[in-house]
Amino acid sequence: MERSAYGAALAGGAFDFGSFVKQPQTILRCLSWLFSVVVFATITAEGYVNPSTKADTKCMFNANDSACSYGVGIGVLAFLACVVFLILDAYLPQISNAKERKFIVLGDLIFSAVWTFLWFVCFCFLANQWSKTEKIDAVPGDAARAVVAFSFFSIVTWAILAYLAYRRFREGVFGEFDQEYRDPANDHTTPYPPAQYPGSSSGPTGYQQSPFPHSQEQPGEYQPPAY
């Protein structure tokens with residue numbers, strides 16, 4: 001079984017593009033990237049309308065410019081984050097330092113969790129403003145509904161990304177714990193097995209035979225020296 005650290009193979013192997021594309025986080029990042037493009041591009045292209053009674057353009061979501069600005073900001077930042085994390089995912093197997101891998105996965109976990117919440121806020125905000133929009137015939141309704149729908153889809157993809165990052169982080173932390181606190185007596189991967197003592201499976205006893213011969217039957221009695 002191939003060993004790994006923080007969800008990526010150990011450093012030293014060649015980059016496998018086929019395996020990288022098939023990874024769940026790669027597919028989800030591509031979907032999140034696509035959803036963010038739909039949100040901010042649709043708002044930028046069709047989100048601002050010019051009512052016949054007003055000279056300035058207004059946001060199609062209840063003429064609330066904050067709603068359009070929020071959607072564009074969240075979408076653009078999510079778009080850039082997906083590109084950055086895709087590059088980091090491809091570069092992660094080449095990193096040999098476990099601490100650097102830990103920081104990357106932890107950053108992925110925190111960012112994905114935060115952006116899940118921000119997309120949820122975006123969805124609720126835009127859906128609420130769209131429900132209050134008057135004169136729907138004067139605004140591109142299909143574009144507004146697409147923005148709301150893809151905001152909801154982004155919640156799902158980013159939530160799954162947060163879960164995958166949490167699972168990789170948890171596996172990496174427990175993997176480090178097993179390596180640091182492994183019992184040497186039970187570790188069969190070390191090149192030097194524990195020493196075995198003859199006549200005992202648990203180690204040497206506290207008694208050793210005296211090197212002097214037991215020729216004296218009564219060592220306590222005094223015997224004069226022979227000349």
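Annotation: Phe153 is in aromatic contact with Phe150 [ring centroid separation under 6.0 Å].
A 4.5 Å side-chain heavy-atom check between Lys99 and Ile104 finds every atom pair outside the cut-off. Taking 4.5 Å as the limit, every side-chain heavy atom of Ile74 sits out of range of all side-chain heavy atoms of Phe40. In this structure, the side chains of Met60 and Tyr48 stay at 4.5 Å or more apart for every pair of heavy atoms. Taking 4.5 Å as the limit, some side-chain heavy atom of Val147 sits within range of a side-chain heavy atom of Phe61. Within the 4.5 Å cutoff, no side-chain heavy atoms of Val105 are placed close to those of Leu109. Using a 4.5 Å heavy-atom threshold, the side chains of Leu28 and Gln25 count as separate. Between Cys122 and Leu126, some side-chain heavy-atom pair lies under the 4.5 Å cut-off.
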Candidate pair Phe152 and Phe120, rule ring pair (Phe, Tyr, Trp, His ring centres under 6.0 Å), full reasoning:
CA-CA 7 Å; Phe152 176 78; Phe120 175 75; 9.3 Å; no

Could you go through Leu92 and Arg168, starting from their C-alpha distance and side-chain angles, then the distance that decides it, and tell me whether this counts as side chain to side chain contact (heavy atoms under 4.5 Å, CB included)?
CA-CA 12 Å; Leu92 190 64; Arg168 288 189 296 164; 4.0 Å; yes

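Taking each heavy atom of Ser32 and Leu161 in turn, the nearest pair found is OG-CD1, 3.8 Å. The nearest pair of heavy atoms linking Ala90 to Phe20 is N-CE1, 3.5 Å.
One finds the CD1 atom of Ile110 at 13.5 Å from the OH atom of Tyr166 (value rounded to the nearest 0.5 Å). In this structure, Thr157 OG1 and Trp33 CH2 are separated by 13.5 Å, a value rounded to the nearest 0.5 Å. With rounding to the nearest 0.5 Å, the separation of CG in Asn64 from OG in Ser69 is 8.5 Å. Note that the CH2 atom of Trp158 and the CH2 atom of Trp115 stand 8.0 Å from one another [nearest 0.5 Å]. Expressed to the nearest 0.5 Å, how far CD of Gln23 lies from CG of Leu86 amounts to 10.5 Å. Here the straight-line distance linking atom CH2 of Trp119 with atom SG of Cys124 works out to 13.0 Å at 0.5 Å rounding.
Neither Val114 nor Phe103 shares a network with the other; the hydrophobic side chains, linked directly or stepwise wherever heavy atoms of I, L, V, M, F, W or Y lie under 4.5 Å apart, form separate groups for each. Taken together through direct or relayed side-chain contacts under 4.5 Å among Ile, Leu, Val, Met, Phe, Trp and Tyr, Val83 and Leu164 form part of one hydrophobic cluster.
A tilted orientation is assigned to the rings of Phe85 and Phe111, their planes being inclined by 30° to 60°.
By the side-chain hydrogen bond (donor to acceptor under 3.5 Å, both in side chains) test, Ser112 pairs with Asp108, sequence neighbours left out.
None of Phe123, Phe117, Phe35 except one satisfies the side-chain contact (heavy atoms from CB on, under 4.5 Å) rule with Ile155; the exception is Phe123.
If you check the gamma sulfurs of Cys68 and Cys59, they are less than 2.5 Å from each other.
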